[in-house]
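Okay, structure first, notes after.
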Amino acid sequence: KNEVEQSPQNLTAQEGEFITINCSYSVGISALHWLQQHPGGGIVSLFMLSSGKKKHGRLIATINIQEKHSSLHITASHPRDSAVYICAVFLGGNLIFGKGTKLSVKP
Amino acid sequence: EAGVAQSPRYKIIEKRQSVAFWCNPISGHATLYWYQQILGQGPKLLIQFQNNGVVDDSQLPKDRFSAERLKGVDSTLKIQPAKLEDSAVYLCASSLDTYIEQYFGPGTRLTVT
């Protein structure tokens, strides 16, 4: 069993839709990363959070430490948001990654 | 601020050949990571350096993979000899210290034929 589980694995949305990607983890962690990976491989860090909620533009990330769950929301989605979104948790100084959620936003 | 640089971006080699990847972290970042990402999976840590010392190389296949970080700045990752299953994206990341946000390079996509 993976220590970090993401859902859904694949997500197709229409432009303008509100999107939610979920991440559940099974171990106690110090912090959680949400990352974005575009075709070609490069990874961009979106958020690092250890409690509560963070917002950057149209992106919102929340975490519930007690429930071991985090969500990434995208408001007013756009085709340029199409990418793989990866949840990763800090455990013992290392990042443990989920398999990612592939998001496609259609115009 | 310049990001993490990696080269080459793409490499195609035959099995049993050797290959080397280079990473230049963000200036001042003490911690450097090499990850292997196989298609459809999340990245897997291969090795972590703190300055020029190895912190964690428990998942590095040491019979064929080696890495060094001379002078605590640039790093190279080498595979010798390569196997088909080494086909993956190799990501380098750096951070000011451990437990702190990591910044990723663009990756090197390796294809072993």
Side-chain angles (χ1 to χ4, degrees), chain A residues 1-11 21-51 54 56 59 61 63 70 72 83-103, chain B residues 1-11 21 23 25-26 29-50 53-60 87-111:
Chain A
K1 181 181 183 303
N2 290 329
E3 290 166 312
V4 181
E5 297 278 355
Q6 287 186 236
S7 63
Q9 280 189 297
N10 294 284
L11 181 56
I21 299 171
N22 296 299
C23 175
S24 297
Y25 50 92
S26 57
V27 295
I29 64 169
S30 56
L32 181 145
H33 253 302
W34 278 104
L35 307 154
Q36 181 192 57
Q37 186 170 33
H38 280 282
I43 291 178
V44 174
S45 176
L46 299 174
F47 297 103
M48 190 174 94
L49 65 165
S50 54
S51 65
K54 284 191 176 182
H56 181 70
L59 302 178
I63 188 168
S70 176
L72 176 69
V84 175
Y85 292 84
I86 302 173
C87 169
V89 300
F90 274 101
L91 183 63
N94 292 329
L95 273 180
I96 310 298
F97 294 81
K99 291 186 176 181
T101 294
K102 185 174 182 180
L103 171 65
Chain B
E1 178 183 85
V4 176
Q6 288 187 248
S7 68
R9 291 295 314 277
Y10 304 93
K11 189 75 178 179
F21 311 129
C23 173
I26 292 174
H29 280 197
T31 312
L32 185 146
Y33 310 81
W34 281 104
Y35 293 94
Q36 179 194 58
Q37 185 178 23
I38 293 172
L39 187 65
Q41 298 182 19
K44 180 186 84 170
L45 179 69
L46 292 175
I47 189 166
Q48 176 186 343
F49 291 95
Q50 184 73 11
V54 175
V55 174
D56 184 352
D57 63 356
S58 57
Q59 297 197 84
L60 186 74
S87 294
V89 175
Y90 290 83
L91 293 158
C92 178
S94 71
S95 61
L96 281 169
D97 204 340
T98 53
Y99 297 100
I100 291 177
E101 187 171 6
Q102 296 181 22
Y103 296 83
F104 288 80
T108 296
R109 184 176 296 276
L110 173 68
T111 302

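Proteins get letters first, then strands, A, B, ... in listed order; numbering begins at 1 in each.
Neither the backbone nor the side chain of B:Q6 comes within contact range of chain A; no heavy atoms are under 4.5 Å apart. Of the atoms belonging to A:I96, not a single heavy atom falls under 4.5 Å from chain B. Contact of B:Q48 with chain A is made through the side chain alone, with heavy-atom distances under 4.5 Å.
Listed by chain and number, the residues in a salt bridge (Lys or Arg N to Asp or Glu O under 4.0 Å) with B:D57 are B:K62 (sequence neighbours excluded). Listed by chain and number, the residues in a side chain to side chain contact (heavy atoms under 4.5 Å, CB included) with B:Q59 are B:K44 (sequence neighbours excluded).
For the residue pair B:T31 and B:Q50, a side-chain donor N or O sits within less than 3.5 Å of a side-chain acceptor on the partner.
No donor-acceptor pair under 3.5 Å is formed between the side chain of B:S94 and the backbone N or O of B:H29.
Chain B forms the most heavy-atom pairs under 4.5 Å with one residue out of A:V84, A:V4, A:L95, and that residue is A:L95.
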